[in-house]
Enquirer: 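One structure coming up, written as structure tokens, with questions to follow.
Numbered from 1 within each chain, the chains take letters A, B, ... in sequence-line order. These numbers come from the heavy atoms of this one structure, side chains and all, not from hydrogens, waters or symmetry mates. Note that the structure is predicted; figures quoted are calculated from it, not measured.
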Amino acid sequence: MNNAPHFKQPLLTTPFHARARALSQLDSFIPWAGYTTVDVFSSVEQEYFAIRNATTVYDLTPMVKYRIAGPGATAYLNRLVTRDVGKLKPNRVAYCVWCNDAGHLIDDGTIFRLGESEYRLCTAERQIDWLLDSAIGFDVEIAEVTEEIAALALQGPTSCAALKDYGLVGIEALKPFEIRHFAVGANEVMVSRTGFTGDLGYELWMRPEQAEGIWDGLMAAGSARGIRPIGSMALNVARIEAGFLLPNADFVSAEQTIYTERARSPLELGLEWLVDFKKGHFTGRRALLAEERRGVRRRLVGLDIDGNKPAHNALVYDDRSGKREIGSVTSAVWSPTCKRNIAFAMLAAPHFKLGSEVWADIYLNRELVWERRMVRARVVDKPFYAPERRRVTPPANH
Amino acid sequence: MANAVSTDVRYDCIVIGGGHNGLVCAAYLARSGRSVLVLEAAERVGGAAVTRDFAPGYRVSSCAHLLHLMPQAMIKELDLGAYGFKLANAAMPTTALSQSGAPLALGVGDTGALMGASRADTLAYPAYAARLRRLARALQPIMTSVPPRLGTDAWSDRLALLRMAWRIRRLGRSDMRELLRIVGMNVYDLLEEHFDTPLLKGALGFDAVLGTNFGPRTPGTVLTLLYRLAAHEGSSILAQPVGGLGALSDALGKAAIAAGATIRTGAAVGRISLQEDRVQGVVLQSGEAIAAPVVISSCDPKTTFLGLLGSDQLDTGFVRRVSHLRSRGLAAKLHLALDARPSFTGLGAEGLAGRLLIAPSLEFIEHAYNHAKYGEFSAEPIFEITVPSVNDPSLAPPGKHVLSAIIQYAPYTLAAGWDRQQQRFMDLAIDTLERYAPGLRASVSCTELLTPRDIEQQFRITGGHWHHVDLAFDQFFMVRPLPGAAQYQTPVAGLYLCGAGCHPGGGVMGAAGRNAAQQVLKAGAR
């Protein structure tokens, strides 16, 4: 850690930075939540295929983490998020979203139930003000612990075997969304079977001072399993295939939108499975019930697009003539595994119905000459890729 | 949670709090055929409009001590005269006291003869008063109506906004321009434009800051002045009921009972209970549950939402706005038992029967306010004084008197803490009075000083603020007490507000209670 004043050190480094710097072939770093992190180490394609065929290591330390504890922690979280946290058992993880009063999404994240009345909330954006205001009237303590915890994602079909080789005895018994603590030599690590790839994978949570030792141990133990570090770009391909939303790509936090029309509700984002109207009151419940009664006016859907040109930022039309705009693409990629041209798009009613035919206006830059293609697309179900191995316990011993 | 809600007795509506607004609301609902139960935590009704003994044989209106805002129409409609309501003095003059010279008499209301101001001010005063009266009259319908909502497609809301705009337009070019010019101004600058007599400016500015968190130089104080004048339109001028303000509350209670309402005193509500996100009734602190599909709370918004309902039943943004409501009182109340009739320098018998002000200049008020900004009480506070026993001898033993004064500024949060400072503030207040009424101290036999903290505890008002929340642009009319609860409705189906925290605010007016009743009836009719 250097002691330069903050304005001379605008981005923090994670405890894995020295290791990442040494392995980076392209020197391609990007800021993420105040930290400098790797965009791509060597090649996006190689890193992506490692996710689907071997084991990858991804530094997710910048993920914002909050410790939420106290006798009222469960009640507090139940009022905060749309899901029923009361059903979450200790040592389990749940994906969840939370809304403002208008029922618009503030953020998504994961809740780790670490004990009877202790939780960790991992979020994309910092939001201590919202969390503290939500605590008015609840017997709960909230603290940001982002810097106290280093984290690595170990994702890919050989990840379980790699962890076993590293010395996590019994890791193969860990079920999806389960948490367990392991000791490897002097290092302690908390492992959750979670991830952002839609594949078999784990997330490792540790003290910063043990970070480098664990990294080194993993890289050595995983060498026979094809382990390699990856950056955010490869992960982005995998997360689109897996149907996962990315804040600021697929939605903007309602606390940050300037125009009211830009905020999105979980119903619009296809996250109604996360909204439990029966659990009692939570912030945004009344607005979401009203929206459910009215019916949503737009919805985020999967698109399967003809051709192989990713529909980045494409506007979407109801027919080939391109006269009536019905929405736009939020995330797009050529899926190397599915061999399909896939995207998420926010579409107006009634075009978001499964099976609808829509048209995407794709712009291509060919040696600085822009071309336009009006390409047929179909509204399809997400996820695009969901291998059985992501759930199987114990995983195959690759 | 399972609630043992008794099903044998069921009411259409429960009103929490038997203050004047709660009673007015109950009376109007009962008159429309609703079965209504009023639950009052204290042993008698009245809330902050009560008459209490503070020394053997001495009684006084403990919080509010003057009646001037309640619409005549309401007093008539509820037939309060038939339930014992009578005025001891129906037209009390206002006098601004001076330490150095003769007091300044403002007469009764704002049409009285001004005595003691400079010649130029005496000539200018009628035109100033008449113009403010015209502006206030244009705003007056606002006081008696449910505020419209902004940003809806409802025609009733649009129509109400149009009607407001039309009334202001109808003032004519000159008055409308003046209204728009001054409405955001501070009262200091306004009065400086018109007058030069310090005593006159102090007295006129006093009403703009009474019961607020403002000094005369605070922007928005012209609004509070116009607001007070608007409430005066259609109501009586300064008046004192026989038996104090408590007698008004008793009459309101009797009117409500006569209309069919039930009143239970000594029944403190513990919480408002919900079922399926709808009001189910209330649970008393004793554990008794009473069912009703509609609950109307006259408590302040913080008590209602954070105390009785609970933040777990509300959205975070709403709770954040509730907890940020500015609700700290700055006015203290002083009661003195006097062995003799007080004698204020230069004041005649008619003046003593009226309202006396100690606010010798606008600068004096502003200085008094400065202390409050830093968590101190005023070194030289301002006073609104009445000697109610002059008009109503029943309030004191024969030949003796009570003095009742509102003193500003006495901040709710005192940096040095009220426990140690209360006696100092009382001494300071009596010293000040002694200067204006030599000999008064010697006749004091008993005292009572209520700081905002005492008012909070004794009258169950968060912050001890008689408007519940500050009357200011951002907590006013369509956003009073806060967006999402400004039409007496709340985010919870079946829960309504009817207290001073709602439009049009505090002071013994009753308009919030009546407007809330209207809103309940309208919702029921749908």
Enquirer: Check B:D315 with A:R79, please: is the shortest side-chain N to carboxylate O separation under 4.0 Å?
Expert: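 B:D315 and A:R79: not salt-bridged.
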Enquirer: Measure from the side-chain N and O atoms of A:D101 to the backbone N and O of B:F318, and report whether any donor-acceptor pair falls under 3.5 Å.
Expert: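 Pair found, side chain donor or acceptor close to backbone of B:F318.
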Enquirer: Can you confirm whether more than 12 heavy atoms, excluding those of B:R158, are under 6.0 Å from its CZ atom?
Expert: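 Buried by this count: over 12 neighbours within 6.0 Å.
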Enquirer: Does A:E141, at its CD atom, have more than 12 non-hydrogen atoms belonging to other residues, nucleotides or ligands within less than 6.0 Å?
Expert: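 Not more than 12 within 6.0 Å, no.
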Enquirer: Does A:R126 have more than 12 heavy atoms from other residues, nucleotides or ligands lying within 6.0 Å of its CZ?
Expert: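 Yes - once you tally the heavy atoms of other residues, nucleotides and ligands closer than 6.0 Å, there are more than 12.
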Enquirer: Are more than 12 heavy atoms, taken from residues, nucleotides or ligands other than A:Y95, located less than 6.0 Å from that residue's OH atom?
Expert: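 Above 12, so yes.
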Enquirer: Count the heavy-atom pairs under 4.5 Å between each of B:V322, B:V319, B:D312 and chain A, then report the option with the highest count.
Expert: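 Ranked by contacts with chain A, first place is B:D312.
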Enquirer: Crowded around B:W155 CH2? As in, over 12 foreign heavy atoms under 6.0 Å?
Expert: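 Check fails, neighbour count at 12 or below.
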Enquirer: Quick check on A:F282 against chain B: is it the side chain, the backbone, both or neither that has a heavy atom closer than 4.5 Å?
Expert: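 The backbone, not the side chain.
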Enquirer: For each of A:N78, A:I136, A:L289, tally heavy-atom pairs with chain B at distances under 4.5 Å, and name the one with the top tally.
Expert: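 With the most close heavy-atom pairs to chain B, the winner is A:I136.
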Enquirer: Does the B:T316 side chain pair with the main chain of A:T283, one donor and one acceptor, at a distance under 3.5 Å?
Expert: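 No; judged by distance alone, with no hydrogens or angles, the pair does not exist.
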Enquirer: Just wondering, are more than 12 heavy atoms of other shown residues or ligands nearer than 6.0 Å to NZ in A:K353?
Expert: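 Check fails, neighbour count at 12 or below.
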Enquirer: Are there over 12 heavy-atom neighbours, none belonging to B:R149, within less than 6.0 Å of that residue's CZ?
Expert: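 Counting neighbours around CZ of B:R149, 12 or fewer heavy atoms of other residues, nucleotides or ligands fall under 6.0 Å, so no.
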Enquirer: So B:D277 and A:R286, side-chain contact (heavy atoms from CB on, under 4.5 Å) or not? Walk me through it.
Expert: CA-CA 9 Å; B:D277 209 26; A:R286 290 170 190 126; 2.7 Å; yes
Enquirer: If you measure from the Lys or Arg side-chain nitrogens to the Asp or Glu carboxylate oxygens, is any gap between A:E255 and B:R320 under 4.0 Å?
Expert: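 Between B:R320 and A:E255 there is a salt bridge, with a charged N closer than 4.0 Å to a carboxylate O.
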Enquirer: If you look at every heavy atom in B:S311 and A:F138, which pair is closest and at what distance?
Expert: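 Scanning both residues completely, I find the closest heavy atoms to be OG-CE1, 3.9 Å.
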